[in-house]
Protein chains: 2
Amino acid sequence: MRDVAALAKVSTKTVSRVINGLPGAGAEVTDRVRAAARTLGYRPDLTASSLRRSDRRSATIGVLFEDLSNPFDAALLRAVEDHARRHGVLVLAGSTEDDHTLQRELLFSLSARRVDALVVMAAGGHQDALQHERERGTPMVLVDRPPTFGGTDCVTTTNRDSARDAVLSLIALGHRDIAFLGDRRTLWTSQERYTGYVEGLARAGVALRTELVHTDLHGADLAETATAALLRLDRPPTALFTAQNLVTVGALRVLRARDLHRRVAVIGFDDFPLADLLDPAITVVRQDVPGIGRKAAELVLARVDGDTSPPVHAVVPAALIRRGSGEISPDRISPDR
Amino acid sequence: MRDVAALAKVSTKTVSRVINGLPGAGAEVTDRVRAAARTLGYRPDLTASSLRRSDRRSATIGVLFEDLSNPFDAALLRAVEDHARRHGVLVLAGSTEDDHTLQRELLFSLSARRVDALVVMAAGGHQDALQHERERGTPMVLVDRPPTFGGTDCVTTTNRDSARDAVLSLIALGHRDIAFLGDRRTLWTSQERYTGYVEGLARAGVALRTELVHTDLHGADLAETATAALLRLDRPPTALFTAQNLVTVGALRVLRARDLHRRVAVIGFDDFPLADLLDPAITVVRQDVPGIGRKAAELVLARVDGDTSPPVHAVVPAALIRRGSGEISPDRISPDR
DNA sequence: AACTCCTACGTCAACGTTGACGTATCCGGC
DNA sequence: GCCGGATACGTCAACGTTGACGTAGGAGTT
């Protein structure tokens with residue numbers, strides 16, 4: 001900047017005015033400064049700028065997610081990034097892999113870079129580090145789980161209701177032995193979906209068979225093991241409600257290996273790419289991922305802009321997409337031994 | 001920092017020493033500073049720190065990609081991020097959507113935030129903005145295309161060789177009418193894969209039927225249209241080589257809709273989730289995405305650490321994964337009218 | 001002619017941090 | 001008792017930028 005000022009024979013302050021398009025710079029000087037900046041390849045330093053500016057904005061938000069290789073996380077990041085970019089805001093992204101220590105470190109890292117706000121899509125377990133950051137004044141949106149502390153927005157989907165509806169739809173087809181396969185119970189979404197499952201059974205007067213419930217299936221491998229175990233029961237389930245996308249995939253692999261994919265009904269929570277190309281195509285509860293991402297970005301950017309209205313808990317509705325696998329009628333299969 | 005210093009009754013310089021673990025601070029003072037920092041909720045400001053430090057490192061790299069909703073991009077970002085995080089480096093991510101203007105703006109944005117290096121996974125078209133940034137001294141790695149300017153590393157996969165091998169494998173089964181469906185020709189990978197296709201045909205002495213070649217299929221929808229057109233030919237292809245993952249998916253949709261998915265052979269370039277669960281499972285050329293990402297991160301982080309060895313063009317080998325769809329023998333199908 | 005007001009600049013200090021360098025204190029050796 | 005050297009601090013300025021404020025000159029008003 002000093003070099004630009006020297007070349008254009010003005011003060012650095014005038015360069016600053018020209019670069020930021022502020023009034024108080026004459027036409028001829030403006031041209032000189034622009035030309036000098038170009039020839040020197042000058043790029044303003046936003047970090048120095050935000051250090052000095054009164055609002056201290058870095059025009060950067062942090063996004064914490066669990067695992068980018070999950071299409072759900074990727075799509076969400078994409079939606080947040082899209083919306084942020086339109087506001088001139090960039091995204092510092094980091095995955096936590098559900099590791100508590102990692103999450104703390106990442107949080108410190110983002111905090112040290114003075115992000116204007118945080119979008120947190122992966123808060124398993126304790127939220128004390130998050131709470132601390134929130135109390136320091138960083139606006140924050142939690143995605144897929146409500147905050148355990150005050151003053152914080154969150155965006156979730158209709159986990160419980162959609163799970164209940166999925167189960168009721170299976171029951172309407174005559175299913176009575178519906179298995180539940182869920183992700184870690186520490187996740188709020190898992191709990192909600194399980195509650196919806198239980199509510200669905202209860203509302204239809206179907207008894208809950210606890211041996212059909214498998215939780216803490218983190219990743220497709222554990223889901224495969226659990227599915228195999230279900231199929232070995234004396235009275236195997238005629239339908240599966242798989243409460244997370246990787247769990248769905250694991251279950252499908254086992255059903256396919258046993259050639260049961262056309263006989264056992266499956267409804268999965270979370271859509272996934274190619275679900276429509278499988279045989280049968282997979283019926284899923286589809287979350288409005290772009291909608292969730294957009295809402296999260298909107299909320300957090302509004303907070304950055306000084307919105308101090310009471311915290312919001314936005315609920316973005318999910319929809320049951322009937323593709324075939326959830327419309328298979330009950331068919332008593334023999335135990336897999 | 002001033003508050004911490006005041007509370008601990010030391011100078012800010014001493015606080016700096018304690019926070020950074022530098023020698024020259026006594027045990028008792030260290031404890032006092034730590035305690036003060038904790039009670040005040042002090043977080044160092046990395047942006048101010050890197051402004052003043054001699055090395056000017058922000059411990060942040062920028063990653064430009066095209067579309068996060070493509071699992072290839074997502075997996076690559078994930079691999080880069082993993083590796084970077086292990087070095088205490090965070091990732092500023094932005095998608096360009098193959099929009100030239102957007103790419104320029106994003107580049108400026110990252111430059112203004114003084115990223116230490118760039119990983120560019122999406123450089124279609126002109127690279128002048130990239131070149132300019134490179135000339136300003138920012139280390140840079142291009143993924144999936146060689147640089148048009150000097151002094152820059154890149155990481156690619158065996159596009160041409162693997163494409164040729166895929167085609168030869170189809171020819172070995174007796175296929176003579178092999179269609180090529182490719183992404184935009186402006187992409188280097190597309191050109192390479194097409195060249196590999198041509199080489200494969202030539203090496204086996206099979207004539208190239210130009211009406212079987214469709215390029216510039218950006219996205220699954222265009223691929224569907226092209227596939228439908230191929231099936232209307234008087235002599236339709238008995239095998240498809242789909243040179244990008246979304247193209248593969250589009251082609252599969254059409255084959256499935258026509259119930260030809262068990263009669264027309266398909267080999268796709270780029271693996272995609274669930275390719276193994278389809279019927280038939282899809283034979284693909286699988287790139288070593290984690291390997292590419294790791295290599296890119298390694299290269300760029302080494303440059304940040306001052307590695308000035310000559311620029312590297314790393315080639316990470318891809319592998320043909322035979323799953324079934326590529327092992328279908330030629331079967332003359334009648335034109336689809 | 002003296003005044004106000006506006007425009008187009010410049011000067012100075014400060015944002016939070018650290019490199020360079022200074023100073024006070026203490027310890028061991030002779 | 002004095003000196004050399006290490007150790008534990010502090011002081012000052014600077015990184016690139018901008019807010020607050022100052023000033024010079026011209027236009028308009030009375």
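This one's a predicted model, so the numbers in the text were calculated from it and none came from an experiment. For the numbers below, each heavy atom of this structure counts, side chains included, while hydrogens, waters and symmetry mates do not. Letters A, B, ... are given to chains in the order of the sequence lines, protein chains preceding strands, and every chain is numbered from 1.
Atom pair B/Arg114:CZ and D/dG16:P shows a separation of 9 Å (rounding to whole Å applied). Counting to the nearest Å, the P atom of D/dG16 and the CG atom of A/Asn20 are 17 Å from each other. Rounded to whole Å, the distance from CG on B/Leu46 to P on C/dT17 is 10 Å. Here D/dG16 presents its P atom at 19 Å from CZ of B/Arg113, a figure rounded to the nearest Å. Counting to the nearest Å, the P atom of C/dC21 and the CG atom of B/Leu22 are 17 Å from each other. In this entry the distance linking CG of A/Asp55 with P of D/dG19 reads 8 Å, nearest Å. For the pair A/Leu51 CG and D/dG19 P, the computed distance is 12 Å after rounding to whole Å. Taking atom NZ of residue B/Lys9 and atom C1' of nucleotide D/dC9, one finds them 16 Å apart after rounding to whole Å.
Note on B/Ser16: a side-chain N or O is less than 4.0 Å away from OP1 or OP2 of C/dT18. For A/Thr14 and C/dG10, the shortest distance from a side-chain N or O to OP1 or OP2 is below 4.0 Å. For C/dT17, neither phosphate oxygen OP1 nor OP2 lies less than 4.0 angstrom from any side-chain nitrogen or oxygen of B/Ser49. Within the structure, every side-chain polar atom (N or O) of B/Arg2 is placed at least 4.0 Å from both OP1 and OP2 of C/dT17.
Here the closest non-hydrogen pair linking B/Leu130 and B/Leu107 is N-CD2, 3.6 Å.
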task = Check step by step if side-chain hydrogen bond (donor to acceptor under 3.5 Å, both in side chains) holds for B/Arg104 and B/His132.
result = CA-CA 11 Å; B/Arg104 277 180 67 91; B/His132 188 241; over 6 Å; no
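For B/Lys13, taking side-chain heavy atoms from C-beta onward, the closest of the listed nucleotides D/dG16, D/dC9, D/dT11 is D/dT11. Looking at the side chain of B/Val29, the nearest of the listed nucleotides D/dC9, C/dT18, D/dC15 is D/dC9. Counting only heavy atoms from C-beta on, B/Arg56 has its side chain closest to D/dG16 among C/dT17, D/dG10, D/dG16. Distance from the side chain of A/Asp45 is smallest to D/dT17 among C/dG16, D/dT17, C/dT11. Nearest nucleotide to the side chain of B/Thr12, out of D/dT17, C/dT18, D/dG10: C/dT18.
Looking at heavy-atom distances under 4.0 Å, B/Pro23 makes no contact with the nucleic acid at all.
Projected onto DNA chain D by closest heavy-atom contact, A/Arg17 and B/Thr30 fall at different nucleotides, the more 5' of which corresponds to B/Thr30. Residue-to-nucleotide proximity on DNA chain D shows that, of B/Arg52 and B/Gly26, the 5′-proximal contact is made by B/Gly26.
With hydrogens and angles left out, the side-chain atoms of B/Arg113 and A/Thr60 include a donor and acceptor closer than 3.5 Å.
The pair A/Arg78-B/Glu97 meets the salt-bridge criterion, since a charged nitrogen lies less than 4.0 angstrom from a carboxylate oxygen. Ion pairing between A/Asp305 and A/Arg57 holds under the 4.0 Å rule for side-chain N and carboxylate O.
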